[in-house]
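Counting starts at 1 for both ligands and their atoms, following the listed order. Just the heavy atoms: all of them, side chains too, but no hydrogens, waters or symmetry mates, feed the values below.
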Amino acid sequence: MTVPFVDLQAQYRSIKPEVDEAIQRVLDTSAFVLGREVEEFERAFAEYVGAEFCVGVSSGTAALQLAVTACGVGPGDEVIVPANTFFATAEAVSTAGATPVFVDCDPDSSNIAAERVEAAVTPRTRAVIPVHLYGRPADLGAVFEVAARHGLTVIEDAAQAHGARYRGSRVGALGRAGCFSFYPGKNLGAYGEGGAVVTNDPEVARRVRLLRDHGSERKYRHELIGYNFRLEGIQGAVLGVKLKYLDAWNRARRRHAARYRELLAPLERAGVLHLPREAADAEHVYHLFVVQSDARDELQRHLAEAGVQTGIHYPVPVHLQPAYAAHGHREGDFPEAERQARRVLSLPMFAELSDEQLARVAEAIESAAVSRQ
Ligand SMILES: Cc1ncc(COP(=O)(O)O)c(C=O)c1O
């Protein structure tokens, strides 16, 4: 038996008639860019996360770039971001014309180390972007405290955390703006590229809406220099169908995580594997189930031989990426992010995983541990 890392076909099979019908509606009306399906999805997603506004855009990266710009942050400004995230968090700050300033991550949560944010604040800092990495909410309370002391805007990167809750509220709607990715493998994924900005601030919503469509709300009248970052009709239609299943899929992910934890607990007790922890005040939605091991590369090879696909999120922290060489960072600057880059391994995780597949993954990890002894 092989176990894939994700299985998008299994999910499609489970909702095929509804998705096919939704796509057919777009074909029948030719509303290929924005249009009714996108508007309906925007309303439904805003309600789902508990935000007043949702603006659909062409990717999670576009969502971040537009949110940064719409919050009034640009050239000459600094934005604090975690060193341990997908590259796009920092990239979007740079393409918005501002400068990302990196902060190390917390050893337990892998999220931004909230107690280190304050030391990174300078007179030019305008915003901070906590990332809910792997689907686990960041320590927002602590980030909001520092942000309030220094007058910083908080923009959430919720690209991996659709439906996750922090102190009972869904993430994304808690900062001034929240950014989502609907890349196909995400907990809520389109059938192509997609993203959204959610906010309770009408001015931020208005600016994102303008910026995504050439600075224009009315055809051929351009109030701002913007972009072509519009969400496609087919993606809006697919997302509208899938949103109805998101909570059930997230519950399945949480059940699988609990099962992994049971099966792998002996290895954690033996000190050969570190398992992801849950915070008492947050609900993790396990976009990824990320374990840590000193022998990560060997473990990954062993699992591949046993037919278990895995991933590494991420092998190089953002401050050490060649694109940010001009920042002059060196190895050792953010030791925890660097340690995790050497140790993290993402196990198969998707709603349709079977008990047999979960057991197969655990067996393969166990046999790798035994073969090392
Ligand atoms: C944390 C994080 N931020 C931003 C993005 C960018 O989203 P997209 O790929 O839709 O541009 C991703 C996507 O992988 C992500 O994981």
Side-chain angles (χ1 to χ4, degrees), residues 5-6 8 38 41 45 54-69 79-96 100 102-103 105-106 109-112 127-138 140 143 154-164 171-172 175 177-198 208 211-212 227-232 235-236 238-239 242 253 284-290 311-319 321 323-324 337 340-341 344 346 349-350:
F5 184 60
V6 286
L8 297 181
V38 169
F41 169 69
F45 195 63
C54 167
V55 185
V57 296
S58 54
S59 70
T61 309
L64 283 162
Q65 183 182 331
L66 295 192
V68 168
T69 305
V79 178
I80 294 173
V81 300
N84 183 32
T85 180
F86 179 57
F87 182 68
T89 314
E91 180 185 38
V93 170
S94 299
T95 54
F102 301 106
V103 165
C105 68
D106 177 78
S109 71
S110 302
N111 281 323
I112 195 163
V128 52
I129 307 185
V131 180
H132 307 299
L133 200 67
Y134 311 147
R136 180 188 155 129
L140 287 180
V143 172
V154 177
I155 299 170
E156 293 173 73
D157 181 340
Q160 302 187 1
H162 318 71
V171 300
C179 302
F180 289 87
S181 163
F182 303 126
Y183 190 72
K186 294 290 196 282
N187 290 31
L188 179 61
Y191 286 168
E193 303 278 358
V197 177
V198 300
V208 173
L211 289 167
R212 78 171 167 182
Y227 305 86
N228 176 356
F229 284 170
R230 298 173 298 224
L231 183 61
E232 294 184 344
Q235 308 314 335
V238 169
L239 290 165
K242 286 194 174 191
R253 285 172 183 270
H284 195 325
V285 291
Y286 294 99
H287 172 54
L288 297 169
F289 189 88
V290 180
I312 296 177
H313 300 89
Y314 296 92
V316 180
V318 187
H319 67 286
Q321 292 289 348
Y324 284 116
Q340 297 206 5
V344 289
S346 307
M349 176 53 86
F350 48 93

With rounding to the nearest 0.5 angstrom, report the [atom1] to [atom2] distance, [X] to [Y].
X    : Y    : atom1 : atom2 : answer
N228 : L211 : CG    : CG    : 12.5 Å
Y286 : S346 : OH    : OG    : 13.0 Å
S181 : K186 : OG    : NZ    : 4.0 Å

Can you name the atoms of ligand 1, numbered from 1 with element, that are less than 4.0 Å from a heavy atom of [X]?
X    : value
L64  : 4 (C)
T89  : 3 (N)
V131 : 1 (C)
A88  : 4 (C), 5 (C), 6 (C)
S59  : 10 (O), 11 (O)

Evaluation steps, side-chain contact (heavy atoms from CB on, under 4.5 Å), between V68 and I129: CA-CA 9 Å; V68 168; I129 307 185; 4.2 Å; yes
Below 4.0 Å from ligand 1: does a non-hydrogen atom of K186 turn up there or not?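 Yes.
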I'd like to know whether CD of E232 has more than 12 heavy-atom contacts from other residues, nucleotides or ligands below 6.0 angstrom.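 It does not: E232 CD has 12 such atoms or fewer within range.
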Give me the residue, atom name and distance of the protein heavy atom closest to [atom].
atom                    : value
atom 12 (C) of ligand 1 : F86 CD2, 3.5 Å
atom 3 (N) of ligand 1  : D157 OD2, 2.8 Å
atom 11 (O) of ligand 1 : T61 OG1, 2.5 Å
atom 9 (O) of ligand 1  : S181 OG, 4.0 Å

Please tell me whether F41 and F182 form a close aromatic pair, meaning their ring centres lie under 6.0 Å apart.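 Yes, ring centres under 6.0 Å apart.
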F180 ring center within less than 6.0 Å of H162 ring center: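 Ring centres of F180 and H162 closer than 6.0 Å.
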Does an N or O from Q160, backbone or side chain, lie closer than 3.5 Å to an N or O of ligand 1?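 By distance alone, the answer is yes.
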Please check whether A159 reaches ligand 1 - meaning an N/O of the residue sits under 3.5 Å from an N/O of the ligand, judged on distance alone.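 No.
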Set out, in order, the CA-CA distance, both residues' side-chain angles and the distance that settles side-chain contact (heavy atoms from CB on, under 4.5 Å) for I80 and I112, then state yes or no. CA-CA 10 Å; I80 294 173; I112 195 163; 4.2 Å; yes
Under 4.0 Å from ligand 1, counting heavy atoms only, is it the side chain of L133, its backbone, both or neither?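 For L133, no heavy atom sits under 4.0 Å from ligand 1.
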Side-chain donor-acceptor pair under 3.5 Å between Y324 and S94, yes or no?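 Yes, side-chain donor-acceptor contact under 3.5 Å.
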